[in-house]
Amino acid sequence: MNRPSGMDGPLVREKAFAGAASLLTVCAVLWPVVQNWREKPKDGFPLSHYPMFSARRSKSASVTYLVGLGAGGGRHPLPYTYAGTGGLNQVRRQINRVVRGGKADTLCRIVAVKVAREERLADVVTVQVVTGRYRLTDYFAGKKDPLSEVVHASCSVERKHRTPLRVVEDLA
Amino acid sequence: MSRLLGAVDGFWFEKAPAARPAVLRVLIGVYTLYYLARRYSMLMRISKSDPSLFAPVGVVSRLEKPVSPETFRRILIMTFVANVAFVLGWRHRHTGPLFAGLFLWVMCYRNSWSMIYHNDNALVLHAMILGLTPSADALSLDALERGAPDSEGDWRYGWPVRLMSTVTALTYFLAGVAKVAGPLGRGWASGESLRGQIAVDGLRKELLGGKASPLAYALYDRLPLFGVMALGSLVLELVAPAALFHKPLSRLWAVGAWQMHWGIFFIMGIKFRYQQSGLIFASFLPVERVLTWLVSQRAKRS
């Protein structure tokens, strides 16, 4: 190895170590880039290929969500916090996973129990786990009805009944 | 060959005062402490989630099932303690790597429940770099004990800071590559995909009990504007590594990236706290000058 002038042995070794550590870190951070060309890319943490904004978006989108139906037929969108812990996107993914796993009924019951305890939702008699498909242009023009809706689970809200609320116990 | 090595040496091992990584250590250490403290209850609740939702990533990916909530609580408390030692610069040679390892573990575990929060990637990498390098030779209990090093600077304090900036730039670069390598290729810059992304995000928020940003509604029909934003962000991301080689340009780049995150916040309502606070870009600046300024202000007053 050619040394820049004025460098002694231990200093070269120390710099070589720091350089190798740096190179290793840079390679590790860059390594996930290969996922972009894999058939089934796998994301990781804290090393990622940052796929979040790269997907092709169609003119419509499907979302799975919770709805409360009132006695008079009114609809109440139920917040994601009834379904799980964490941020909106984390719980959204968890809802998708639960529905894919065929446990929509269990999730529906858990949400119904929580709704039963909410005074402001006293009107809600039924809870549904639903996937709705929306045309984005219509939605952002104020036409907020879905193109289609699939009800995965529907359950009534029992207001006298009390059961454990923990998702962990009921879904496990 | 020796000229090339000399150039690499001068760039990567540029001298910096011990106070530079030390200020970064304190800033980022206080931030991680705030991050963990603010989320303590949420992290504990997550640790009690349905085990079927556990999708381990990173260093916890070898776990076949989640650890017990009690084990997680103990690890979290150990991380807090190590974090405080990291901020104070107490026995950094041991507590620095300990904090780096524990923080990495906790953050991987936190991201192992069906959703990866990419905005935390750089924070973890920065904390690890500072934990594993001599960032406590100034502004620390260790420095009080041993005495402060030469204020003229040393390469040993320069390269970790350079590495932090490089890691930051590379994360943006990878995000840019993902867009170009994705199904739309360079067509991503047309803005249609960005608009779709913003619209889907707003739709999800509204259907799940949140609120889409009013700007998402106001701007939806202005596709050319999304084109400008898409092209701008793509260029910003792809040029990130090149900007590292020119100091003023790298600072200009950091300002652009910082503005991009504020733009995302206003249009999508997504908070990138580490990025919006500017802390992610602190390694691009001679942050130790803040200390000099504070000292001079104090001297003026007294």
Side-chain angles (χ1 to χ4, degrees), chain A residues 1-4 14-15 18-19 21-22 25-26 29-30 32-33 36-37 43-59 61 63 65-66 77-81 84-94 97-98 101 132 134 136-137 139-141 166-168 171-172, chain B residues 1-2 5-6 9 12-13 42 45-46 48-53 57-58 104 107-108 111 113-118 120-121 124-125 129 155-156 159 163 166-167 170-171 174-175 177-179 181-184 188 192-194 196-197 199-200 202-210 216-217 220:
Chain A
M1 183 175 167
N2 292 321
R3 294 175 191 173
E14 211 180 331
K15 277 196 175 177
S22 303
T25 308
V26 166
V29 171
L30 282 175
V33 77
N36 286 305
W37 297 280
D43 201 5
F45 184 91
L47 305 173
S48 169
H49 63 295
Y50 301 90
M52 58 278 187
F53 282 102
S54 60
R56 185 191 290 275
R57 296 283 167 198
S58 75
K59 294 189 186 309
V63 184
Y65 47 94
L66 311 164
L78 299 175
Y80 68 95
T81 46
T85 301
L88 183 144
N89 277 316
Q90 180 167 356
V91 178
R92 176 180 63 79
R93 286 184 179 223
Q94 290 178 351
R97 206 166 155 163
V98 166
Y134 290 80
L136 296 172
T137 309
Y139 191 88
F140 280 86
R166 296 258 297 281
V167 177
V168 58
L171 285 178
Chain B
M1 186 67 180
S2 78
L5 271 177
D9 185 62
W12 197 259
F13 296 112
M42 188 263 277
R45 282 200 305 277
I46 286 176
K48 295 169 190 165
S49 296
D50 173 14
S52 73
L53 299 172
V57 292
L104 172 67
M107 292 301 283
C108 286
N111 281 278
W113 299 90
S114 310
M115 172 81 192
I116 293 175
Y117 289 89
H118 296 97
D120 292 334
N121 291 27
V124 173
L125 294 168
I129 292 169
W155 66 268
R156 289 173 186 84
W159 76 268
L163 184 58
T166 306
V167 162
L170 290 180
T171 58
L174 286 173
V177 171
K179 284 165 189 152
L184 293 166
W188 191 90
E192 206 155 350
S193 178
L194 179 63
Q197 179 71 42
V200 169
L203 177 73
R204 286 170 178 165
K205 281 191 176 116
E206 295 207 337
L207 293 172
L208 287 158
Y217 280 93
Y220 187 82

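Sequence lines set the chain letters: A, B, ... in the order given, protein chains first and strands last, and positions in each chain run from 1.
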Using non-hydrogen atoms only, which part of [X] is less than 4.5 Å away from chain A: side chain, backbone, both, or neither?
X	answer
B:L207	both
B:S193	both
B:W113	both
B:V200	both

Option that, when pairs with chain B are counted at under 4.5 Å, heavy atom only, ranks first among A:F45, A:Y139, A:Y134, A:W37
A:F45

Among A:R93, A:H49, A:R97, who wins on heavy-atom pairs under 4.5 Å with chain B?
A:R97

Quick one: are [X] and [Y] in side-chain contact, heavy atoms under 4.5 Å?
X	Y	result
A:K15	B:W159	no
A:D43	B:H118	yes
B:V177	A:N36	yes

For chain A, which candidate among [options] shows the most heavy-atom pairs at distances under 4.5 Å?
options	answer
B:A178, B:G182, B:G210, B:G196	B:A178
B:P183, B:G58, B:G209	B:P183
B:V167, B:L184, B:L203, B:L104	B:L203
B:Y117, B:W155, B:F13	B:W155
B:I129, B:I116, B:V57	B:I116

Test ring-ring contact (aromatic ring centres under 6.0 Å, His included) applied to A:Y65 - qualifying residues, sequence neighbours left out
none

Of all heavy-atom pairs between [X] and [Y], which one has the smallest distance, and what is that distance?
X	Y	result
A:M52	B:Q197	O-OE1, 3.4 Å
B:M115	A:Q90	CB-CA, 3.5 Å
A:V63	B:R204	CG2-CG, 3.9 Å

Bottom line for A:T137: the part with an atom under 4.5 Å from chain B's heavy atoms is both

Side chain, backbone, both or neither: which part of A:L136 has an atom under 4.5 Å from a heavy atom of chain B?
both

Look up atom NZ in B:K205 and atom CG in A:N89, then write down how far apart they are to the nearest 0.5 Å.
7.0 Å

How many angstroms lie between CG in B:L53 and CD in A:Q94, if you round to the nearest 0.5 Å?
4.5 Å

In terms of ring plane angle, is the pair B:Y217 and A:F140 parallel, tilted or perpendicular, where the classes change at 30° and 60°?
tilted

Criterion side chain to side chain contact (heavy atoms under 4.5 Å, CB included) against B:L170, the qualifying member of A:T25, A:L30, A:V33
A:L30

My understanding is that only one of B:L174, B:N121, B:T171, B:L125 makes a side chain to side chain contact (heavy atoms under 4.5 Å, CB included) with A:L47; could you say which?
B:L125

Regarding A:S22 and B:W12, do their side chains bring together a donor and an acceptor under 3.5 Å, going by distance alone?
yes

